[in-house]
Each structure stands twice: as structure tokens, then as C-alpha cells.
Amino acid sequence: KYAPELDKEWSIFKGILSGAESLSGDLPSLITITNDDGESMNFEWYVDDEVLKANNQEVTAYYSGRAINTIVDMNPSLD
């Protein structure tokens, strides 16, 4: 299957996958990876058959962090 070329700037997190208990619909699901130290990371990801089979198994996530801006309030301009 397709996998992008490994980027040296990506972070890596290895642990047990949880939360991939059913296929995603139109929106991504919230999945969690928990490492041996009890640290966990949450990801929004589309759960397909391959991810579903990996639930409760050890996985390695390669990811990059990026800022997410959320509008919390919006008012009309007075101009």
C-alpha cells in the first residue's frame, strides 16, 4: 500500500492503539495510542479495515504537529 517517504522532521510515537472499534463514517474518529510509560496521544483519523484490525495492537505513528485555529466568536463588522 501507499506510504509517504519518511521525513526526518516527523515525530514518532509507539504504543497500543485503542478507540478504533468501528469504521469511521464521513468524519474521522478519535483514536488513542498509549505507550509503555502510560503516556497517550490522541489523533483524529479515519478508521478503515486496516486500522480496525490494528486496534489493541502495538502501532507506530509518524506525525508532525501543526497549529489548529478555532473560531470561538464572530461578530459583524461595523464598517
Side-chain angles (χ1 to χ4, degrees):
K1 293 203 174 201
Y2 171 78
E5 190 172 321
L6 184 61
D7 186 327
K8 293 178 185 176
E9 294 191 22
W10 287 346
S11 298
I12 299 172
F13 196 80
K14 184 182 278 190
I16 303 298
L17 174 65
S18 61
E21 296 158 356
S22 61
L23 298 173
S24 297
D26 293 337
L27 299 173
S29 299
L30 183 65
I31 61 172
T32 303
I33 300 173
T34 305
N35 69 14
D36 290 338
D37 295 329
E39 299 171 316
S40 62
M41 292 197 74
N42 295 321
F43 297 93
E44 286 191 357
W45 194 259
Y46 287 96
V47 176
D48 58 13
D49 288 329
E50 187 175 5
V51 176
L52 192 63
K53 290 177 189 174
N55 198 47
N56 297 316
Q57 305 293 317
E58 185 172 52
V59 298
T60 302
Y62 301 88
Y63 66 95
S64 62
R66 64 176 186 226
I68 297 175
N69 298 316
T70 304
I71 296 174
V72 295
D73 189 26
M74 187 179 302
N75 295 307
S77 233
L78 299 177
D79 295 340

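Count residues from 1 along the sequence.
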Residues 22-35 side chain polar contacts: donor-acceptor under 3.5 Å, at least two apart:
| unit_1 | atom_1 | unit_2 | atom_2 | d |
| --- | --- | --- | --- | --- |
| Ser24 | OG | Ser29 | OG | 2.7 |
| Ser24 | OG | Val47 | N | 2.7 |
| Thr32 | OG1 | Asn42 | OD1 | 2.6 |
| Asn35 | OD1 | Asp37 | N | 2.9 |
| Asn35 | OD1 | Gly38 | N | 3.1 |
| Asn35 | OD1 | Glu39 | N | 2.9 |
| Asn35 | ND2 | Glu39 | OE1 | 2.9 |

Could you list the donor-acceptor pairs under 3.5 angstrom formed between side-chain atoms of residues 11-21 and any protein atom two or more places apart in sequence or on another chain?
none

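Looking only at side-chain heavy atoms (C-beta outward), Leu52 and Asn55 stay at 4.5 Å or farther from each other.
Atom CG of Asp36 is surrounded by 12 or fewer heavy atoms from other residues, nucleotides or ligands within 6.0 Å.
Judged as a ring pair (Phe, Tyr, Trp, His ring centres under 6.0 Å), the pairs with a partner in residues 41-79 (not counting sequence neighbours) are, in order, Phe43-Tyr63.
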